[in-house]
Amino acid sequence: MIATDRLFLLVDTCSNIDEVKNLFPELDFLTYLYTILGYYNISTSNLIKKLEMDEQEYDDIFAGKIKPSRNQILQITKAINLDLKKTNFLLTLADKTILNPKDSRDSLIIFSIKNHYNLQQINLILTNCHLQNI
């Protein structure tokens with residue numbers, strides 16, 4: 001069983017994500033995602049309503065049948081309204097690249113996360129800048 005408060009504190013305070021992974025070697029993408037949903041008391045049905053993917057795709061991701069794309073993970077993190085550290089940690093657990101402020105698209109996404117923009121607002125900004133939506 002994962003000590004949620006300790007895990008979130010470590011994710012928020014550690015500068016190196018590998019430190020957290022060493023302390024929680026059993027932790028994987030789905031375990032962390034379900035931990036987040038439980039901690040914030042978010043039902044999967046409410047989450048599905050906020051996502052821009054079909055329900056079957058979502059079910060397959062949450063059942064572990066398919067690995068989510070980087071954009072799908074970003075959609076999920078925005079639907080939950082995760083901060084940047086938790087978003088990057090979830091991306092790392094899924095073996096995806098973290099958000100890089102040197103990349104123009106990523107920097108807009110980082111800005112949007114820090115300013116609590118919703119998915120529609122982020123995609124509007126990305127569209128206006130001629131960048132791929134999440």
Side-chain angles (χ1 to χ4, degrees):
M1 186 62 157
I2 294 175
T4 307
D5 291 335
R6 182 171 173 239
L7 173 62
F8 288 170
L9 179 65
L10 286 170
V11 170
D12 289 340
T13 58
C14 283
S15 59
N16 185 346
I17 292 174
D18 288 331
E19 291 177 44
V20 180
K21 289 171 73 175
N22 287 336
L23 290 170
F24 293 91
E26 76 286 357
L27 190 62
D28 63 9
F29 169 78
L30 281 177
T31 304
Y32 187 60
L33 184 56
Y34 279 118
T35 300
I36 290 168
L37 292 176
Y39 184 80
Y40 291 114
N41 197 26
I42 298 171
S43 70
T44 53
S45 60
N46 283 341
L47 184 59
I48 290 172
K49 292 175 189 172
K50 296 179 181 181
L51 298 175
E52 294 183 3
M53 64 178 92
D54 68 35
E55 192 171 337
Q56 184 58 51
E57 200 172 19
Y58 171 85
D59 288 341
D60 288 346
I61 290 170
F62 274 72
K65 293 179 183 175
I66 62 171
K67 292 189 179 246
S69 69
R70 187 171 187 256
N71 280 342
Q72 289 170 325
I73 294 169
L74 291 172
Q75 283 184 34
I76 291 168
T77 61
K78 273 318 304 163
I80 301 171
N81 199 24
L82 292 183
D83 63 26
L84 184 59
K85 284 228 175 190
K86 288 181 183 72
T87 297
N88 277 335
F89 189 63
L90 197 55
L91 287 166
T92 300
L93 289 174
D95 295 323
K96 306 297 180 195
T97 58
I98 64 171
L99 292 167
N100 180 354
K102 294 180 180 179
D103 177 271
S104 58
R105 179 177 182 264
D106 282 2
S107 67
L108 286 172
I109 294 170
I110 291 168
F111 172 83
S112 300
I113 290 171
K114 288 184 175 184
N115 287 286
H116 306 286
Y117 291 3
N118 65 36
L119 187 57
Q120 291 75 25
Q121 292 169 316
I122 294 171
N123 282 335
L124 180 61
I125 291 169
L126 293 171
T127 297
N128 288 340
C129 294
H130 307 289
L131 297 168
Q132 179 189 12
N133 286 354
I134 295 176

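For the numbers below, each heavy atom of this structure counts, side chains included, while hydrogens, waters and symmetry mates do not.
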Can you list, pair by pair, the side-chain donor-acceptor contacts under 3.5 Å of residues 59-68, counting residues two or more places apart and other chains?
residue	atom	partner	partner atom	Å
Asp60	OD1	Gln56	NE2	2.8

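Side chains of Ile110 and Lys114 form a contact here, defined as non-hydrogen atoms less than 4.5 Å apart. With contacts defined as side-chain heavy-atom distances shorter than 4.5 Å, the pair Gln72/Tyr58 does not qualify. Taking the side chain as every heavy atom from C-beta outward, Ile42 and Leu37 approach each other to under 4.5 Å. The closest side-chain heavy-atom distance from Tyr40 to Leu82 is below 4.5 Å. The side-chain heavy atoms of Asn118 and Lys78, taken from C-beta on, include no pair separated by under 4.5 Å. The closest side-chain heavy-atom distance from Thr97 to Leu91 is not below 4.5 Å. In this structure, the side chains of Leu7 and Tyr39 stay at 4.5 Å or more apart for every pair of heavy atoms. The shortest distance between side-chain heavy atoms of Arg105 and Ile134 falls below 4.5 Å.
Cluster membership check: Leu90 shares its hydrophobic cluster with Leu23, using side-chain heavy-atom separations under 4.5 Å among Ile, Leu, Val, Met, Phe, Trp and Tyr. Following chains of ILVMFWY side-chain contacts shorter than 4.5 Å, one cannot reach Ile98 starting from Leu108, and the two form parts of different hydrophobic clusters.
Rounding to the nearest 0.5 Å places OG1 of Thr35 at 9.5 Å from CZ of Phe24. Atom-to-atom distance recorded for Phe29:CZ and Phe89:CZ is 12.0 Å, nearest 0.5 angstrom. Put simply, NZ on Lys21 and CG on Leu93 are 6.0 Å apart, with the number rounded to the nearest 0.5 Å. One finds the CG atom of Asp54 at 10.0 Å from the CD1 atom of Ile48 (value rounded to the nearest 0.5 Å). Taking CG of Asn71 as the start and CG of Asn133 as the end, the distance is 8.5 Å to the nearest 0.5 Å. Taken from CD1 in Ile113 to NZ in Lys85, the straight-line distance is 13.5 Å, to the nearest 0.5 Å.
Around atom CG of Asn41, no more than 12 heavy atoms belonging to other residues, nucleotides or ligands sit under 6.0 Å away. Open room surrounds CD on Glu55; 12 or fewer heavy atoms of other groups in view lie less than 6.0 Å from it.
Using the six-membered ring where Trp is involved, Phe8 and Tyr32 have ring planes that are perpendicular, over 60° apart on the 30 and 60° scheme.
For the side-chain hydrogen bond (donor to acceptor under 3.5 Å, both in side chains) with Lys86, the qualifying choice from Thr77, Asp12, Asn81 is Asp12, the only one to do so. The only member of Ile125, Leu131, Leu74, Asn100 that meets side chain to side chain contact (heavy atoms under 4.5 Å, CB included) when paired with Ile109 is Leu74. Residue Arg70 is tested with Asp106, Asp103, Asp95 for a salt bridge (Lys or Arg N to Asp or Glu O under 4.0 Å); the sole match is Asp106.
Here Tyr117 pairs with Phe111 under the ring pair (Phe, Tyr, Trp, His ring centres under 6.0 Å) rule; sequence neighbours left out. Evaluation of the salt bridge (charged side-chain N to carboxylate O under 4.0 Å, His left out) rule for Lys96 yields no partner, not counting sequence neighbours.
Here the shortest heavy-atom pairing between Ser107 and Pro101 reads CB-O, 3.4 Å.
For Thr13 (side chain) and Leu9 (main-chain N/O), a donor-acceptor pair under 3.5 Å exists by modelled atom type.
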